[in-house]
Amino acid sequence: MKEKIKILIDKIKQAKSIAISGHKNPDGDALCSVLALMKIIELNFDKTATIIYDGNIPKELDYVPLRDNLCFHTQIPENTKYDLYILVDYGTRIHLGGVEHFVNDADFVIEFDHHFNEDIVGDLCFDDADKAAAAQVIYNVAKVAGFKMDKDVIDLLTLGIITDTGNFKFVRNGDVMCDTAELIDAGADMPYLVNLLDNKSKKTVLVESAAAANAEFFMRGRLAVATIRQPDYKKLDGRGSIVLWLLGQIHGVEYVVLLKEQKEKQIGISIRSRQNPINEIAESFGGGGHLCAAGAVVYDDLENVKTKVINAFKGM
């Protein structure tokens, strides 16, 4: 770790241009982690990094610190070349979206991730699949490196952990709780940060609530499947967390699937489990994720995808 941190420091010091990105359609962990890294670089190296993103950002993240520093990828000239590119929480190359050509053209790429990935993009990798969030990976590297972290960094890293653990619902080991406790002791205001995320639009809440109300149940009630058709998908803000949360509250439901008709014959699949691993099911559809929270995108009719997903759960 110390040798890798030395290379990290040298690369940041040498770089005249730095860009940072997370995965397409950033969630709380990806968004907050890139912003935290930007501020860490500013505090410790007196350099400004460009934050580039692709896709949509959920309205619930409107008020995270430093959000105004984001730059949509089409605002950057296509021939822009960076000395150093930092990737965060990207999972696999397919999730890079519109920033991929910037990554490919960069002189050096560093990554911070907590997903298992056989097709690594970074030249220098701080990857740990045992961590609950990319924000936790960054926090541990920052601690070992002795980097200065101000209130914005502390709040952003805490938000990244909160969102990617589903308010700690998906915690699998105690180290993330220890790291969160350290962040709280360092100044993170947990009640304020949790309330900051309660910021969904009315149309989103109504669409997601209706989808949950019309869900179908299979496997004697153990599997709940909800769908959101394309007209309503346009009103969706984020990944359908309300649907997943509501159906997951039902006694006896062990697995929740949300099918989102993003476009004609393009279906987003979100899968959640109380405790049994479902990442292999997501992988069978070309996706991936964590043990109990995963997803995929499938190019087929909605009804065909629903049938295939239900069949995939048989025997569980």
Quick check: does any side chain N or O of Asn56 sit under 3.5 Å from a backbone N or O of Asn25, one acting as donor and the other as acceptor?
-> no

Are Ile281 and Leu302 connected, step by step, through hydrophobic side chains (Ile, Leu, Val, Met, Phe, Trp, Tyr) whose heavy atoms are closer than 4.5 Å?
-> yes

Measure the spacing between CG of Leu66 and CD of Glu42 and express it to the nearest 0.5 Å.
-> 8.0 Å

Determine yes or no for a side-chain-to-main-chain donor-acceptor pair under 3.5 angstrom, with Glu261 supplying the side chain and Arg229 the backbone.
-> no

Any side-chain heavy-atom pair from Lys306 and Val309 closer than 4.5 angstrom?
-> no

Determine, step by step, whether His290 and Asn279 satisfy the side chain to side chain donor-acceptor pair (under 3.5 Å) criterion, reporting the C-alpha distance in whole Å, the side-chain angles of both residues, the deciding distance to 0.1 Å, and the verdict.
-> CA-CA 6 Å; His290 307 295; Asn279 55 313; over 6 Å; no

Can you find a heavy atom in the side chain of Asp300 that is under 4.5 Å from one in the side chain of Lys308?
-> yes

Do the non-hydrogen side-chain atoms of Asp155 and Leu196 ever get within less than 4.5 Å of each other?
-> no

Is Val243 reachable from Phe218 through a run of hydrophobic residues whose side-chain heavy atoms are each under 4.5 Å from the next?
-> no

Pairwise distance OH(Tyr139) to CD1(Ile154) - rounded to 0.5 angstrom | 8.0 Å

CZ of Arg172 to SG of Cys292, rounded to nearest 0.5 Å, is 3.5 Å

Once the angle between the rings of Phe313 and Tyr255 is folded into 0 to 90°, is it parallel (under 30°), tilted (30 to 60°) or perpendicular (over 60°)?
-> tilted

On the 0 to 90° scale, with breaks at 30° and 60°, tag the Phe102-Tyr85 ring pair as parallel, tilted or perpendicular.
-> parallel

Side-chain heavy-atom pair Lys59, Thr204 within 4.5 angstrom cut-off = no

So, do Gln136 and Asp164 sit near enough that their side-chain heavy atoms are less than 4.5 Å apart?
-> no

Apply the side chain to side chain contact (heavy atoms under 4.5 Å, CB included) test between Phe126 and each candidate in Ile138, Asp113, Leu8; give the one that qualifies.
-> Leu8

Audit row: Arg274, Glu254, salt bridge (charged side-chain N to carboxylate O under 4.0 Å, His left out) steps and yes/no | CA-CA 5 Å; Arg274 285 186 185 271; Glu254 297 177 21; over 6 Å; no

Show your reasoning for whether salt bridge (charged side-chain N to carboxylate O under 4.0 Å, His left out) applies to Lys143 and Asp179.
-> CA-CA 10 Å; Lys143 281 199 302 180; Asp179 287 341; 3.6 Å; yes

Criterion side chain to side chain donor-acceptor pair (under 3.5 Å) on Asn311 and Lys314, from CA distance to verdict | CA-CA 5 Å; Asn311 287 336; Lys314 289 181 178 178; 3.1 Å; yes

Which of Val171, Leu157, Thr165, Ile161 passes side chain to side chain contact (heavy atoms under 4.5 Å, CB included) with Thr180? Answer is Ile161

Backbone N/O of Ala15 and side chain of Lys47: donor-acceptor pair under 3.5 Å | yes

Is Ser21 close to Leu96 at the side-chain level, that is, under 4.5 Å between some pair of heavy atoms?
-> no

For this output row, return yes or no: ring centroids of Phe147 and Phe45 closer than 6.0 angstrom.
-> yes

